[in-house]
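All values reported here derive from a predicted model rather than from experimental measurement. In what follows, chains are A, B, ... by sequence order, proteins preceding strands, each numbered from 1.
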Amino acid sequence: MNNKQKIIQAYQQAPWRKQRQIIGIYSAGIVFTALIASIYLNVTARSATLGREIQDMQVMKEEIEKEIEDLETELATLTSARVMEERARDLGFEYINPATSLYLPIPGYPGRQTADLAPPPPTISATSQSLPPEFTMTLFDWAREMIQQISLQTGAN
Amino acid sequence: MKSENSWRYSMMFTAFIGVGLVIAVQLVRLQFSPQASSFIEQAARYAWEPRLVNAPRGQIYDRWGNLLAGNRTVYEVGVELAYVEDPQAIAFTIHGLLGEDYARVLRLASMEASDEAVYNRLSDFTSVDNVEILKNQIDQRREDIRASIPPTGPNLEGLVFRAHLARSFPEGLLAATILGFVGQDEIGYHGIEEYYDELLAGTSQEIWVPRDPNRVEELPEIPPGDSLVLTIDRELQAMVEEILDNSVEEWDAAGGTIVVMDPNTGEIYAMASTPHLNPNEFSNYDAVFPDNAPFNWATSKSYEPGSVFKIFTMAAAIDLGLVTPETPFFDTGEIIVGEIPIRNWDNNAWGPQNMLSCMQHSLNVCLAWVGTQLKAGNFYDYMRRFGFGHITGIDIAGEATGRLKEPGDGDWYPADLGTNTFGQGISVTPVQMLMAISAIANEGHMVTPHIVRSLVDGSNQFNIQPQFAGQPISSETARIMTEMLTETLENKESLALVSGIRVAGKSGTGEISTLDGYSDRTNASFVGWGPVDDPQFIVYVWLEDPTPIWGSLVAAPVFKQVVERLVVSLNLPPDNVRIGLLEDSSE
């Protein structure tokens, strides 16, 4: 046995230690893979759940739009000219006789106004953001902002 | 120890590598195999599904915002062939409940499911109530099976229901001839629905959405069709329709029309005509309008107006300075124009007259003489300027042009000048008459009649401005004509006179022409406007073939009835009150 072999033998690990190392490395690999897989599965499942909820909401939105149309039409049917005239008659109302009517001028009254069906202008400012900056700024933006803040604080001191 | 385990490790390693390699090779092989395109197609077919995103049809409102045409949910009923268990039960139920043909439904429901045959439509535009009945039957049967009791109802497994919107008219018959209707093909027919079909319809889109929720995408925003606000006043429209129906029945007329318009803007307040069809029941169209009969008499049916047309002859002559209301005329009872004798409505000679009394007594001989003074060139030039012979441009589908024969036309004869002066041998539509009359009532300025007041496009409302259609006569002529036609009504104590409000107007009785010449039947009409010092309305009444035949007897009282109710809707006080209020406010 020469010196080289002696040195190798002196520093050689015991077989049982090598085996544990191999098992450890494999186990770490499996645990790491399982960890990645579980994170992936978790994220995918949450994404799928949200996707399904979005699909449900899309369907619900369509149903609500149909319901709105139905209700508007139903309301119009319930307040149609014929129905309202019948109700007025039942309540004892009669047609106005222009000859016996009393006309009173009301200063400033513009008279009955025709339909204005356009929705009022939005009150939300066009520049307002719907998401906080944490969800929109990049890492570089954040870093730049932090540096600016620190430099401002340093300058102030 | 090492030698004992190493072969196991090697075997496992080899097995894993081997299986991996096989999978990799198979993947590569499939990519380049002849079936690759088929597999890709199959994957695409199951990864995406089509979805029709409907753009709801725009709504139609009256001038005050009352809904005249909206939408309601209806269902398409179909079968998913893979799930059908009892086609006969489906056919029997659909036939009994929805009235669909039994043999057709049975054939569609009995088809074998395949890649090509997945779904068949059995019925459409099914009401919510009927779909509820079908759904309840399906649920009840499933409940019975779950409860392990013998199911009693029909086996409707495989039926599916797809909701969509369809046109609905909550007012039913009201304004039906103005609105038109929307067929099952979702295309507008007649009236506003046809004229503004592209604007109202919006643009539905079929889009492909991923089945995989991880690939969910935002659906495109498909805007609904534009909504319209009409110039119509719902209560006024209902009142005018009621008066027209009653008048047609009272005077035993074949039909008729009444139109109310603002002479200053051309806005149509009400437009009624018979017959009318409930647009919710448009399948009755052929029964109500056989042989393509005009849908809306006010715009689509032309006729010979008779003596109301004398207004334009007289207006032309006054405008040219040929006559004044006091110009004398001796009526001998007959005048020859184009070698044809023309006589008065009573075949009598009325002796010494002037232009005012000619209009008051509606003397054909006098007006034919006026026509000869005008000569054909001037007469037809004025009639063109009044808008006769071409459409007015009113925004309702199917407007007729009428017919104004002129010198140079193959079927025009010199005698036509004589008959045209009192409204025979010429055909017009009621809206043409309204437009022409607006020149008299509106200081010589003629307005184009229109029915849509505003267009609502998302968040914007665009109001349509009045359109003027020229000035055929001077303001002075218009004022003279209005005063003449007020005096003529008052002098003969016309049935059209309205208590408290001065109105101008003229009745007409035009003989109805047939293939054998003129018949005893007539078109009875009356046009009037008021208050004469500041006209706010024109009312046109036309009854076809009434008994008695005279416009002054049947159409004039209808005008009066309409105006008496109209002034309330327009908030128009009697003249003395109105003028008093104006004087008070000016002080």
A.B. asks: Taking C-beta and beyond as the side chain, do L174(B) and R82(A) meet within less than 4.5 Å on heavy atoms?
C.D. replies: no

A.B. asks: Could you give the side-chain donor-acceptor pairs of residues 569-576 of chain B under 3.5 Å, partners two or more places apart or in another chain?
C.D. replies:
residue : atom : partner : partner atom : Å
D575(B) : OD1  : R578(B) : NH2          : 2.9
D575(B) : OD2  : R502(B) : N            : 2.8

A.B. asks: Please find the pair of heavy atoms, one from P170(B) and one from S80(A), that lie closest to each other, and give the distance.
C.D. replies: O-CB, 4.0 Å

A.B. asks: So what's closer than 4.5 Å to chain A heavy atoms on E564(B): side chain, backbone, both or neither?
C.D. replies: backbone

A.B. asks: In Å, rounded to the nearest 0.5 Å, how long is the span from NZ of K66(A) to CG of N71(B)?
C.D. replies: 11.0 Å

A.B. asks: Counting only heavy atoms not in I96(A), do more than 12 fall under 6.0 Å of its CD1?
C.D. replies: no

A.B. asks: Looking at CD of E171(B) and OG1 of T79(A), how far apart are the two atoms once the value is rounded to the nearest 0.5 Å?
C.D. replies: 7.5 Å

A.B. asks: Starting from the C-alpha separation in whole Å, work towards a yes-or-no answer on side chain to side chain contact (heavy atoms under 4.5 Å, CB included) for V229(B) and T114(A).
C.D. replies: CA-CA 9 Å; V229(B) 180; T114(A) 51; over 6 Å; no

A.B. asks: Would you say that T73(B) contacts E69(A) through its side chain, given a criterion of any heavy-atom pair below 4.5 Å between the two side chains?
C.D. replies: no

A.B. asks: Sort R211(B) into side chain, backbone, both or neither according to what part of it lies under 4.5 angstrom from a heavy atom of chain A.
C.D. replies: backbone

A.B. asks: Decide yes or no for V568(B) and Y95(A): does some side-chain heavy atom of the first lie under 4.5 Å from some side-chain heavy atom of the second?
C.D. replies: no

A.B. asks: Nearest 0.5 Å, what's the NE2-CD distance between H164(B) and E62(A)?
C.D. replies: 13.0 Å

